[in-house]
Amino acid sequence: MEPTHIEHIGVAVKSLEEAIPFYENVLGLKCYNIEEVADQKVRTAFFKIGQTKIELLESTDPEGPVGKFIEKKGEGIHHMAFAVKGLDKKLEKAESKGVRLIDSKPRKGAEGLDIAFLHPKSTFGVLTELCEDKSE
Ligand code: CMX
């Protein structure tokens, strides 16, 4: 995949309003964007640390991926996202190496990135996201 860096770490929380003060007042980071991703049934809040972001994820629907995750496992790290170049080809490559794809084609995620997920059952338990910033 040759990722260039960790684009973000996704953290599932019950409430953005309750979690944001920890990141701002304790860690001293600044929330610079809150965005709803309707098709993923989440509201997201973003913080930057160097090149990497923390993405807080609040579910907007108990049947959505984050709603189900919190119900089953509670709050905590939900996924890890790697920045790649040429996402289409990287997905083909992952599949050819036996990785189970959740998204066989890139789709639009938060912050205008092209994204695709790999299934945690074929990535040693970590839901893995590949993303590409086409504006770069
Ligand atoms: N990390 C690790 N394992 C996970 C997981 C996660 N985030 N989410 C689910 N799983 C595991 C479950 O624990 C379960 O394992 P067991 O069978 O051993 O109990 C298995 O995967 C199936 O879980 P499920 O609750 O039945 O959920 P589904 O199969 O319906 O969906 C998944 C799981 C990963 C396919 C789905 O959550 C998905 O498509 N995720 C990608 C999209 C996403 O997460 N969007 C939210 C973020 C959006 C954004 O960043 O903008």
Side-chain angles (χ1 to χ4, degrees):
M1 299 296 103
E2 297 86 32
T4 55
H5 58 282
I6 293 176
E7 210 284 333
H8 66 266
I9 294 172
V11 178
V13 298
K14 288 182 184 159
S15 155
L16 292 186
E17 277 61 38
E18 284 175 22
I20 285 170
F22 167 75
Y23 287 85
E24 292 203 318
N25 303 336
V26 181
L27 290 179
L29 303 173
K30 176 92 190 96
C31 175
Y32 69 91
N33 184 24
I34 293 185
E35 183 180 342
E36 181 159 350
V37 185
D39 74 317
Q40 291 299 303
K41 301 183 168 71
V42 288
R43 265 196 337 130
T44 62
F46 284 93
F47 306 81
K48 256 188 204 128
I49 312 171
Q51 236 184 326
T52 299
K53 301 165 192 163
I54 303 283
E55 178 188 32
L56 300 185
L57 299 154
E58 175 195 87
S59 178
T60 56
D61 179 340
E63 290 308 311
V66 172
K68 283 171 77 178
F69 177 88
I70 287 184
E71 176 64 29
K72 223 169 182 175
K73 302 194 186 204
E75 294 175 302
I77 292 184
H78 178 261
H79 66 269
M80 183 152 58
F82 296 97
V84 298
K85 302 280 180 214
L87 180 53
D88 271 294
K89 288 270 177 291
K90 296 290 160 79
L91 287 173
E92 283 173 21
K93 194 169 168 184
E95 195 167 34
S96 75
K97 289 180 182 288
V99 175
R100 184 169 150 200
L101 307 183
I102 293 174
D103 303 297
S104 54
K105 288 272 164 227
R107 57 189 169 78
K108 280 287 168 208
E111 304 226 294
L113 299 182
D114 288 354
I115 66 163
F117 283 93
L118 310 180
H119 202 286
K121 291 293 173 195
S122 64
T123 56
F124 299 88
V126 177
L127 175 61
T128 300
E129 181 179 346
L130 302 178
C131 21
E132 179 169 30
D133 186 351
K134 288 265 181 62
S135 71
E136 279 178 350

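First listed ligand is number 1; within each ligand, the first listed atom is number 1. From a predicted model like this one, the values you see are computed outputs, not experimental measurements.
For atom 9 (C) of ligand 1, the nearest protein heavy atom is 4.0 Å or more away. For atom 25 (O) of ligand 1, the nearest protein heavy atom lies closer than 4.0 Å.
In this structure, a donor-acceptor pair under 3.5 Å is present between the side chains of H8 and E129.
For the side chain to side chain donor-acceptor pair (under 3.5 Å) test, residues two or more places apart in sequence or in another chain that qualify with D103 are R107. Partners of K90 by salt bridge (Lys or Arg N to Asp or Glu O under 4.0 Å), not counting sequence neighbours, listed by chain and number: E2.
Residue T44 places every heavy atom at 4.0 Å or more from ligand 1. In this structure, G109 falls outside the shell of residues with a heavy atom less than 4.0 angstrom from ligand 1. The closest approach between any non-hydrogen atom of K73 and ligand 1 is below 4.0 Å.
Close N/O approach between K68 and ligand 1 is found [any backbone or side-chain N/O within under 3.5 Å]. The distance criterion of under 3.5 Å between nitrogen or oxygen atoms is met by H78 with respect to ligand 1. Considering both main-chain and side-chain atoms, E55 comes within under 3.5 Å of ligand 1 through a nitrogen or oxygen pair. Checking only distances, R107 never comes within under 3.5 Å of ligand 1, N or O to N or O.
Note: H79 and F117 have perpendicular aromatic rings, judged against thresholds of 30 and 60 degrees for the angle between ring planes.
Under the 4.0 Å criterion applied to side-chain N and carboxylate O atoms, E95 and R100 are not assigned as salt-bridge partners.
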